[in-house]
Amino acid sequence: MVLNLELLKKIAETPGISGREEQVRALMVEELRTLTDEVNVDPLGNVIALKRGKSDRRVMLAAHMDEIGFMVKHIDKQGFIRMQPVGGFDPRVLFAQRVFVHGSAGERLRGVLMPSSKPIHLMGGEKPAPPTLDDLFVDLGLPQEQVWAKVDIGDMITMDRTLESVGNMIVSKSMDDRVSLFVMLEALRALQHHEVTIFAVATVQEEVGLRGAATAAYHIDPDISVALDITLANDIPGGADQDAVTRLGEGTAIKVFDSSHIANYKLVRHFRDLAKQHHIPHQLEVLPRGGTDAGAMQRARAGSPAITLSTPTRYVHTVNEMLHQADLEAGITLLARYLEDAHNGDYSL
Ligand SMILES: [Zn+2]
């Protein structure tokens, strides 16, 4: 399989925090139109694409469009910007990063993210305390009047990072969860024959509490729910073996447990059997803390059997989210093979 890294780069680099997914949404509407029978946008902003099948059995796929980022909270007298976090960045990884402030007038302004602490040159023997989010501000390098003219309270702030190849890996901002939008598109492209009715959903506001998936699942009322997301690969120095969760290069991850849902065990078996049958590299995943859209889908209406297919990722929720190309290929292939066989699954408990 040759991965269309150009498409992945485009999806990853498009800015869109929770509630401001409009640019990613436009891209997903355009891509899904070529792969499905009908594409709609619901009132919350989810993109719901329908691919008809011979059977009424409804399989809902969900990958979230929002990335973690910030909103402008306050602009001070000198034009420095204070931020409201939207989703969970660790302040330790934000120090001295570059950002984009997406001005309400349509201008994309580059800025630097710095902590309001004494520069190291002015410190005597004091040990610098790690910055908190409240210490951080954005410097746009502009006088206050110009900042006020271009930027409003609530404007989106995203990280200024591009997608690049590093060894056998790909590194980018917002692989969480743009890589899964890519997996969803490529699996639909790789699909040969299927019987089930497929709803491919690009959801909104996952990072602030699985909000888009909740309303989309209520509307669709799926018989089977499959979330697509990244998961931790803590296979790095300092990490204990038992805490690795997943390892890069060892295949796509079939989720068994996280703190938002327990996967239907028969669905786990079905995915695993298909992976074995088609020789697709895979690993089973238990994530002690964290969640995916499956947590909301599983509990919509009267509930549905749910699972998450995860892409193992190092350095999650930093600007250097790293994943292995082979794991990505495995995820695309397994999802396609599952959709072709989903009509055969019996997940009754
Ligand atoms: Zn995610």
Side-chain angles (χ1 to χ4, degrees), residues 8 11-21 24-25 27-28 44-47 60-70 85-90 93 156 158-159 161 163 170-185 187 200-217 225-234 245-246 248 252-261 263 285-298 306-324 327-328 331-332 335:
L8 177 57
I11 299 172
E13 291 178 6
T14 302
I17 63 166
S18 311
R20 294 301 304 272
E21 298 92 348
V24 195
R25 178 161 45 242
L27 186 57
M28 288 307 292
L44 219 59
N46 297 301
V47 182
M60 176 176 169
L61 308 176
H64 67 89
M65 295 187 285
D66 55 322
E67 66 186 285
I68 53 173
F70 306 92
V86 181
F89 261 120
D90 176 349
V93 306
M156 166 168 78
T158 59
M159 306 312 289
R161 280 296 173 105
L163 182 144
I170 306 165
V171 171
S172 180
K173 76 161 180 83
S174 56
M175 278 298 164
D176 178 7
D177 189 27
R178 304 295 173 66
V179 72
S180 301
L181 295 171
F182 178 74
V183 167
M184 186 162 77
L185 293 172
V201 184
T203 63
V204 295
Q205 302 192 33
E206 190 270 355
E207 294 288 357
V208 290
L210 323 179
R211 297 177 191 174
T215 61
S225 297
V226 182
L228 309 169
D229 214 322
I230 55 99
T231 192
L232 299 187
N234 199 25
V245 184
T246 61
L248 292 202
T252 186
I254 301 168
K255 172 111 65 188
V256 176
F257 175 99
D258 70 21
S259 56
S260 74
H261 69 295
E285 173 210 343
V286 171
L287 181 68
R289 264 191 306 277
T292 74
D293 277 341
M297 292 150 83
Q298 183 179 49
I307 193 170
T308 301
L309 190 61
S310 312
T311 304
T313 306
R314 283 184 191 154
Y315 322 121
V316 169
H317 285 195
T318 77
V319 294
N320 290 317
E321 292 179 329
M322 176 186 275
L323 50 90
H324 198 297
D327 297 338
L328 200 46
I332 293 165
L335 182 59

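Counting starts at 1 for both ligands and their atoms, in listed order. As the structure is a prediction and not an experimental result, all values here were calculated from the model.
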Trainee: What N, O or S atom of D229 is found closest to the Zn ion (ligand 1)?
Mentor: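 Per the distance ranking, D229 contributes OD1 as its closest N/O/S atom to the Zn ion (ligand 1).
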Trainee: Determine whether a donor-acceptor pair (N or O, by modelled atom type, separation under 3.5 Å) exists between the side chain of S260 and the backbone of T292.
Mentor: yes
Trainee: Does D177 bring an N, O or S atom to under 2.8 Å of the Zn ion (ligand 1)?
Mentor: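 Not a single backbone or side-chain N, O or S atom of D177 is under 2.8 Å from the Zn ion (ligand 1).
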Trainee: So which of the N, O or S atoms of H64 lies nearest the Zn ion (ligand 1)?
Mentor: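 This residue's closest N, O or S atom turns out to be NE2.
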Trainee: Taking C-beta and beyond as the side chain, do R25 and V204 meet within less than 4.5 Å on heavy atoms?
Mentor: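 R25 vs V204: side chains touch.
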Trainee: Among T252, T231, T308, T246, find the residue that satisfies the side-chain hydrogen bond (donor to acceptor under 3.5 Å, both in side chains) test when tested with E285.
Mentor: T231
Trainee: Looking at the Zn ion (ligand 1), is one of the N, O or S atoms of D176 less than 2.8 Å from it?
Mentor: yes
Trainee: Under the criterion side chain to side chain contact (heavy atoms under 4.5 Å, CB included), which of M65, R211, H64 is the partner of T203?
Mentor: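 In the set M65, R211, H64, the residue that makes a side chain to side chain contact (heavy atoms under 4.5 Å, CB included) with T203 is H64.
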